[in-house]
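Just so we're clear, the structure is a prediction, and the values are computed from it rather than from any experiment. Labels below follow one simple rule: chain letters A, B, ... track the order of the sequence lines, proteins then strands, and each chain is numbered from 1.
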There are 2 protein chains.
Amino acid sequence: MDLNLHAIENVPIIKPGDDIADIICDLLSDIQDDDIFVIASTIISKAENNFFKLDGITAGPEAIRISKLNGKDPRFVQVVLDESLEVFIESPFMLVRTTRGNVCVNAGIDGSNVGDSVYITLPKNPEKAAKEIGLKIFEKTGKKVSIIVSDTNGRAFKVGQTNAAIGVYGISPIRDWVGSQDLFGKVLEASKQAIVDEIACAANISMGEGSYGYPIIRVRGLSLYTDEKVSINDLFRPEKDDIIIEGLRLLRGIED
Amino acid sequence: MDLNLHAIENVPIIKPGDDIADIICDLLSDIQDDDIFVIASTIISKAENNFFKLDGITAGPEAIRISKLNGKDPRFVQVVLDESLEVFIESPFMLVRTTRGNVCVNAGIDGSNVGDSVYITLPKNPEKAAKEIGLKIFEKTGKKVSIIVSDTNGRAFKVGQTNAAIGVYGISPIRDWVGSQDLFGKVLEASKQAIVDEIACAANISMGEGSYGYPIIRVRGLSLYTDEKVSINDLFRPEKDDIIIEGLRLLRGIED
């Protein structure tokens with residue numbers, strides 16, 4: 001069983017209003033059923049015109065308070081707060097749950113690959129964006145493809161970043177092995193593979209960073225397309241089960 | 001730029017004393033420089049004969065105390081403690097730092113694919129195992145290959161498991177983009193890609209679980225081989241910088 005990851009060449013620098021599905025269809029002549037496209041969230045954000053400059057932002061009292069702890073510009077902190085449902089860590093970096101449901105540093109706001117003094121927020125609704133791109137590719141080619149919108153994240157306990165899915169279309173986020181049997185016939189009890197995060201990681205190997213970037217990767221060799229409704233929310237741990245968040249809340253309560 | 005992941009067919013069920021490098025060389029006739037082999041830790045544990053049964057274990061007072069909280073067999077808890085440097089969460093599952101340095105649930109002890117009432121611990125020294133396999137393949141083929149020993153882990157904030165590297169040879173765990181320039185010439189400040197974890201995730205897409213398992217994946221298309229000394233420890237966040245561990249310790253202190 002072979003899996004192929006192909007970094008799409010000649011993707012232009014994306015501008016507000018650009019149509020990612022059109023770009024994919026223009027650059028690839030051989031799109032097939034079950035192809036999976038992993039798309040770096042940055043280019044969707046650019047197409048959505050999610051750029052901002054600090055000049056236009058007024059920081060409120062909470063942003064000013066946090067900025068004194070972490071040394072960031074209070075206007076930057078204000079935008080992180082605007083993009084977040086809850087702040088778990090305030091300093092030395094801000095770890096938040098974004099309004100999209102994912103947990104990440106600085107609400108995923110990025111200052112690279114967007115020009116001087118300019119920042120960009122995550123896609124407004126990564127899952128909606130994924131669906132629109134998948135449906136448009138189907139409309140143009142008749143091929144049923146899956147879409148994963150990805151963002152680079154830090155991790156607990158480990159240094160370095162890996163890619164993660166923040167929006168999906170046409171692929172279930174979890175591959176559930178529970179109930180299948182092992183080599184000795186024993187039923188597996190706890191195997192839920194976060195397959196879309198693993199595919200996002202695989203794509204990131206070829207994506208690179210900075211000026212070497214390939215923002216769209218085609219993954220071929222899997223048969224994971226589904227017509228069923230899928231939701232990235234299936235990947236987010238319910239807070240009532242989340243002991244790490246419990247610990248971080250406790251830490252915040254004590255530090256405040 | 002294309003990346004190929006090839007699941008090696010016909011890997012036998014590994015028995016104590018088996019030589020993984022011999023098996024790889026026997027099954028593949030075209031090993032090339034820069035090939036990366038991702039090897040599921042379970043098969044290394046089997047070759048090392050790391051099996052145990054609960055029958056032979058005597059639980060101490062700490063194991064008995066924790067077993068009353070999490071409902072596990074106290075003898076199982078005893079083995080988890082024996083394999084761990086620190087316990088961060090005791091219940092409903094045990095999150096520990098293993099004696100190898102990685103943080104995971106139940107010290108990575110697995111009860112699947114090893115037969116009835118039998119468990120298996122992680123490889124004694126995954127990095128040493130990786131090095132031995134890489135050197136033996138070089139000795140037999142003259143090809144400079146990289147080795148990643150992987151294990152499946154849960155994650156903070158998210159449900160589902162992904163693969164992660166727990167030992168490496170011939171590949172640096174981090175791909176450091178700091179200092180390189182973005183599309184607009186701005187210097188990147190914080191991009192350390194945990195490339196070996198991403199390659200482990202990529203491999204896991206094809207590994208599968210249970211009776212469908214392919215425990216060895218060949219990754220081809222990258223030029224990441226290095227003769228320099230590498231260490232998986234570069235991936236483990238220093239505890240003094242780890243706010244999540246601080247929160248979990250606080251939570252334990254209050255619960256105790």
### Task
Take B/L3 and A/H6 through the side-chain contact (heavy atoms from CB on, under 4.5 Å) test and state the conclusion after the steps.
CA-CA 7 Å; B/L3 193 64; A/H6 175 67; over 6 Å; no
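- The closest side-chain heavy-atom distance from B/P92 to A/D241 is not below 4.5 Å.
- Your options are B/D234, B/L235, B/T162, B/I199, and the one with the most heavy-atom pairs under 4.5 Å with chain A is B/L235.
- For the pair B/V159/A/P238, a side-chain contact is recorded, criterion being any heavy-atom separation below 4.5 Å from C-beta on.
- In this structure, chain B has a heavy atom under 4.5 Å from the side chain of A/L222, while its backbone stays farther away.
- For the residue pair A/K158 and B/A165, the shortest heavy atom distance occurs at NZ-O, 4.0 Å.
- Neither the backbone nor the side chain of B/I8 comes within contact range of chain A, judged by heavy atoms closer than 4.5 Å.
- Applying the salt bridge (Lys or Arg N to Asp or Glu O under 4.0 Å) test to residues at least two apart or on different chains, none of the pairs has a partner in residues 4-13 of chain A.
- Atom NZ of B/K192 sits about 15.0 Å away from atom OG1 of A/T152, to the nearest 0.5 Å.
- Comparing B/D242, B/N163, B/I205, B/I244 by how many heavy-atom pairs each has under 4.5 Å with chain A, the most go to B/I205.
- Under the rule for a ring pair (Phe, Tyr, Trp, His ring centres under 6.0 Å), A/F236 has no partner lying at least two apart in sequence or in another chain.
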### Query
Passes side-chain contact (heavy atoms from CB on, under 4.5 Å), B/L5 versus A/L5? Steps please.
CA-CA 8 Å; B/L5 286 102; A/L5 287 104; 3.1 Å; yes
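- Put simply, of B/A156, B/A200, B/G160, the one with the most heavy-atom pairs under 4.5 Å next to chain A is B/G160.
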### Task
Please step through side-chain contact (heavy atoms from CB on, under 4.5 Å) for the pair B/L251 and A/E246, ending with a clear verdict.
CA-CA 8 Å; B/L251 201 60; A/E246 200 182 327; 3.8 Å; yes
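- Residues of residues 93-106 of chain B lying under 4.5 angstrom from chain A, judged on non-hydrogen atoms, are B/F93, B/L95, B/V103 by number.
- For B/R155, the parts lying near chain A are the backbone and the side chain together; criterion is any non-hydrogen pair under 4.5 Å.
- Interface remark: B/I89 contributes side-chain atoms only to the contact with chain A (heavy atom separation under 4.5 Å).
- With a 4.5 Å cut-off on side-chain heavy atoms, A/L248 and B/F157 count as touching.
- Here CD of B/E198 is found 9.5 Å from CE of A/M207. Values are rounded to the nearest 0.5 Å.
- B/F76 meets the ring pair (Phe, Tyr, Trp, His ring centres under 6.0 Å) test with B/Y119; sequence neighbours excluded.
- Taking all atoms of both residues into account, the shortest heavy-atom contact from A/Q193 to B/N204 is NE2-O, 3.1 Å.
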